[in-house]
Amino acid sequence: MPTYLTRSFYRRDVVKVARELLGHLLVHVNGRQRVSGLIVETEAYLGIPDKAAHTCNGRRTARNESMWRDGGHTYVYFTYGMHHCVNVVAGVEDEPVAVLLRALEPVDGMQAMYRRRPAAKCDTDLCSGPAKLAKALQIDRQLDRIDLVKSKRVFIERIRATPLQSQQVATGPRIGIAHAAEWTHKPLRFWLKNSTYISHK
DNA sequence: CCCGTGATTTAT
DNA sequence: TAAATCACGGGG
């Protein structure tokens, strides 16, 4: 029987959550179709002080409302007129911090993933980017604000009982936030060092 | 390198 | 109301 990550896992410091999500399994069950992938790359967004975060300066809008919810909810946003990106909200209610999921190692439903992502040439192309994984797992704004702790459709399965060794995790600056002044270079991106499924090969 | 694409945000 | 922006991806 699979175990889900619990509320207390998500209700912690967002940097810890970003690191410790690595190696767990993001699952979307849609009817009979189960699609999933191991989380191999994440980024932490630290909320009000973070110039790269959607909730910078306490911005609270219809789009980012779910970032203000309790840890363990999804925050799915739409951008560039065509892409969705999936975040896991961390911390507690009214603490608008989240973890962007940047890459997965496909596990279940790879045939469906190839169908949804005709541009993918091989398994390592399927989910190697935040919008790619959203497309492969068919996650869009309809799955915004989902409670990952309670949902039967979208959840994260605990794969390991104990945290990863720190030597298995690499750290670097976040991608695509050149405008964020002193926040641009902070090491808030995390990935599994030995993974070939990350977004920037 | 450049460009699609349109919701969302920010400036007037 | 108008203009700018955008936590990206695909094709040269």
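We name chains A, B, ... by the order of the sequence lines, and we start the count at 1 in each one.
In the hydrophobic clustering of ILVMFWY residues, with side-chain heavy atoms under 4.5 Å counting as a link, A/Leu5 and A/Val14 come out together.
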*Starting from the C-alpha separation in whole Å, work towards a yes-or-no answer on side chain to side chain contact (heavy atoms under 4.5 Å, CB included) for A/Arg69 and A/Glu93.*
CA-CA 5 Å; A/Arg69 300 193 70 121; A/Glu93 190 168 4; 5.7 Å; no

*Are A/Asp123 and A/Tyr114 close enough, and set up right, to give a side chain to side chain donor-acceptor pair (under 3.5 Å), and what steps lead you there?*
CA-CA 9 Å; A/Asp123 298 357; A/Tyr114 275 109; 2.4 Å; yes

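Along DNA chain B, the stretch of nucleotides lying under 4.0 Å from any heavy atom of chain A spans, 5' to 3', B/dG4 to B/dT10.
With respect to the salt-bridge test (charged N to carboxylate O, under 4.0 angstrom), the residues A/Arg174 and A/Glu43 do not qualify. For the pair A/Asp94 and A/Arg60, the salt-bridge criterion is met [side-chain N within less than 4.0 Å of a carboxylate O]. With salt bridges taken as basic N to acidic carboxylate O contacts below 4.0 Å, none links A/Asp13 and A/Arg19.
Map A/His179 and A/Pro130 each onto its nearest nucleotide of DNA chain C; the residue landing nearer the 5' end is A/His179. Residue-to-nucleotide proximity on DNA chain B shows that, of A/Thr79 and A/Ala62, the 5′-proximal contact is made by A/Thr79.
A straight line from CZ of A/Arg116 to C1' of C/dG9 spans 18 Å, rounded to a whole angstrom. Between the P atom of C/dT5 and the CZ atom of A/Phe78 lies a distance of 19 Å, rounded to the nearest Å. Residue A/Ile177 contributes atom CD1, which lies 13 Å from atom C1' of C/dC6 at whole-angstrom precision. The distance between atom OH of A/Tyr77 and atom C1' of C/dC6, rounded to the nearest whole Å, is 8 Å. If you measure from atom CE of A/Met82 to atom C1' of C/dG11, you get 13 Å, rounded to the nearest angstrom. Distance, A/Tyr80 OH to C/dA4 C1': 12 Å, rounded to whole Å. In this structure, A/Asn64 atom CG and C/dC6 atom P are separated by 15 Å, rounded to whole Å. Here C/dG9 presents its P atom at 13 Å from NE2 of A/His84, a figure rounded to the nearest Å.
One P atom belongs to C/dA7, the other to B/dA11, and the distance between them is 16 Å to the nearest Å.
With a cut-off of 3.5 Å on both Watson-Crick or G-U wobble distances, the partner of B/dC2 is given as C/dG10.
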Donor-acceptor list for residues 158-171 of chain A side chains, cut-off 3.5 Å, not counting sequence neighbours:
unit_1, atom_1, unit_2, atom_2, d
A/Arg160, NE, A/Thr162, O, 3.0
A/Arg160, NH1, A/Leu22, O, 2.8

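Among the heavy atoms of the strands, none lies under 4.0 Å from A/Arg174. A/Ala131 comes within 4.0 angstrom of the backbone, heavy atoms only, and of no base. No engagement by A/Arg189 is indicated, since no non-hydrogen atom pair under 4.0 Å with the nucleic acid exists. Base contact: A/Leu100 has a heavy atom under 4.0 Å from a base atom.
C/dA7 has its base stacked against the ring of A/Tyr45, the centroids being under 5.5 angstrom apart at an interplanar angle below 30°.
For the OP1/OP2 pair of C/dA7 and a distance below 4.0 Å, the side-chain nitrogens and oxygens of A/His54 include at least one atom meeting the criterion.
A/Arg116 and A/Leu137 make their closest contact through NH1-C, 3.7 Å (heavy atoms, listed as atom of the first residue, atom of the second, distance).
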